[in-house]
Visitor: 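Before I ask anything, let me first share the structure, which is written out below as structure tokens.
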Protein chains: 2
Amino acid sequence: MASDTVKHQILTAAGSVFADHGFKSATVREICKSASVNVAAVNYYFGDKQQLYLETVRLAHRLKTERLPMPKWPDSVSPKEQLHQYVHVMLQRMLGEQDLWQTRLMMREVMRPTDACRSLVEDYFRPQFERLLKIVDQLVPNPVSEEKSHQLAFSVIGQCFFYLAARDTVPMMITEEEMKTHFAIDELANHIANFAFAAISSSGIGGDESGSSRQNNRQQSNTAKAKNVP
Amino acid sequence: MASDTVKHQILTAAGSVFADHGFKSATVREICKSASVNVAAVNYYFGDKQQLYLETVRLAHRLKTERLPMPKWPDSVSPKEQLHQYVHVMLQRMLGEQDLWQTRLMMREVMRPTDACRSLVEDYFRPQFERLLKIVDQLVPNPVSEEKSHQLAFSVIGQCFFYLAARDTVPMMITEEEMKTHFAIDELANHIANFAFAAISSSGIGGDESGSSRQNNRQQSNTAKAKNVP
DNA sequence: AATAGTTTCAAACAGTTGTTTAAACTCGGG
DNA sequence: CCCGAGTTTAAACAACTGTTTGAAACTATT
């Protein structure tokens, strides 16, 4: 049965094309050409384009977690080091050279969710998010509210996600040399982990900051003088 | 001469459709239907779909900066307050209720640049980026290298950008109530500004560690400036 | 070698795409 | 009144879309 290998061939080709063009703009003809199979193969093996897309997204998430599993840390590893490794793995998944289509495809789902997104959120993003929350809660000096934990976690994720989303735009802002030397995965992981660690460590000690009671948002009027003193 | 109003009508309709579906997937038929004009109007007034797209992106950037200009701060305003206002305006631009298509369209250009992107970067993103760099340089306790400034600035932008890109996914991770109370624009601005302030303030004093011990960036000799080699 | 089941293929189908065309309409100035 | 430049319209065009089809090619068991 070569059928399995053909299916896999189509899936990876489809992953690349879907990641590049999105579901609607991607054509089954381009996918089949890239996979070196006949146009009818997609319908023969997957039923229709939509089903192929769903299986492609599932494969993307599966491959990414298999190749780069998030480590299970013993208690001996400091929360700070856990944060650093977490960020590093996340950046590797997002920016790692090979099989970039997998994260690009998932990025598309984040930005414009389709039917494939719900299971992606529950099976992939939420568990990862929960792990980050645990790290954050260990890092924060005083216990904080759940919402604050969420904000802190999103700040970590956001910094990483940015370099995936703006992958082609960031190089337009800085020199090629700088890109290579200071924005490679290792350097970025160091920066983001340190940045987040400093912020989280000092979080919740200065008093309630997010108070800034509901005051109107004309940029003219001074926005919420942050009342806490550094 | 209704021609000007018709052109504007098509432009705003196109902006919305392009922001929703992207250039390729958006159809001129849907645009024209949304603008209540004949299908041929796009070609009559703009030549072709591509030209319409370019003018739409230009309009998006122009409208967004006109409605929400970045304030010019007198020296009396503290850098911390400048940072806060900067973040607040950025979030307002990105998440502000009305005319959301404008930022969604620019977001698409960031993630998958087309021909329209180069001018967008130079005319819109770079000036904004430079202003943020100035704030960051005021906030950092000791002078840091140019690359470090860039990293810090990107960390601020990334946190904001995330809530635009993941606009539909974040609500799947938290409750609706939490979304309304702790992830509205004002609350997010407070959090991100405080988060970034804490991180930047402690940047360049603690010393870096974290895993791969690059003995790299402490205030490097100033600016290994751009040399522009092709 | 013959058969039955599976896989591949070129061709065709119906619908959509951007764009063109030529006729119809609008409306202020002669 | 009609004119004619500017505008709008329905219809048509060729190219492309996902999908179907029926026969050919292939594989494996008898």
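Throughout, a chain's letter reflects where its sequence line sits, starting with A, and its residues are numbered from 1.
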Visitor: Which comes earlier along DNA chain C counting from the 5' end, the contact point of B/A26 or that of A/S36, where each point is its nearest nucleotide?
Guide: A/S36

Visitor: Can you list the residues that meet the side chain to side chain contact (heavy atoms under 4.5 Å, CB included) rule with A/V39, with sequence neighbours excluded?
Guide: A/V28, A/R29

Visitor: Check the distance between C/dT17's P and B/H21's NE2 and give it to me in whole angstrom.
Guide: 10 Å

Visitor: When you check the phosphate oxygens OP1 and OP2 of C/dT19, does a side-chain N or O of B/Y44 lie under 4.0 Å from one of them?
Guide: no

Visitor: Measure CD1/A/I10 against C1'/C/dC9 and give the value in whole Å, please.
Guide: 14 Å

Visitor: Which one, D/dT19, D/dA12, C/dT7, comes nearest to the side chain of A/Y45?
Guide: C/dT7

Visitor: Is any side-chain nitrogen or oxygen of B/N38 closer than 4.0 Å to OP1 or OP2 of D/dA10?
Guide: yes

Visitor: Of the nucleotides C/dC9, C/dT8, D/dT19, which one has an atom closest to the side chain of A/D48?
Guide: D/dT19

Visitor: In this structure, is the centre-to-centre distance between the rings of A/F162 and B/F162 below 6.0 Å?
Guide: no

Visitor: Counting only side-chain heavy atoms from C-beta out, which of D/dG18, C/dG18, D/dA10 sits nearest to B/T27?
Guide: C/dG18

Visitor: Over how many whole Å does the gap from B/K24 atom NZ to D/dG18 atom C1' extend?
Guide: 13 Å

Visitor: Just how far, in rounded Å, is P of D/dT8 from NZ of B/K7?
Guide: 12 Å

Visitor: Whole Å only: how far is the CZ atom of B/R29 from the P atom of D/dC16?
Guide: 16 Å

Visitor: Could you give the side-chain donor-acceptor pairs of residues 51-58 of chain B under 3.5 Å, partners two or more places apart or in another chain?
Guide:
| from | atom 1 | to | atom 2 | distance (Å) |
| --- | --- | --- | --- | --- |
| B/Y53 | OH | B/E109 | OE2 | 2.5 |
| B/T56 | OG1 | B/L52 | O | 2.6 |

Visitor: Rounded to whole Å, please give me the gap between NZ in B/K33 and P in C/dT16.
Guide: 12 Å

Visitor: Report yes if the distance between the aromatic ring centroids of B/H150 and B/F129 is under 6.0 Å, otherwise no.
Guide: yes

Visitor: Looking at the side chain of B/A40, which of C/dT19, D/dG18, C/dT21 is the nearest nucleotide?
Guide: C/dT21

Visitor: For B/L52 and C/dT19, give me the distance from atom CG to atom C1', rounded to whole Å.
Guide: 14 Å

Visitor: Name the orientation class of the two ring planes belonging to B/W73 and B/Y86 (parallel below 30°, tilted from 30 to 60°, perpendicular beyond 60°).
Guide: tilted

Visitor: Quickly work out the B/Q50 CD to C/dT19 P distance and round it to whole Å.
Guide: 9 Å

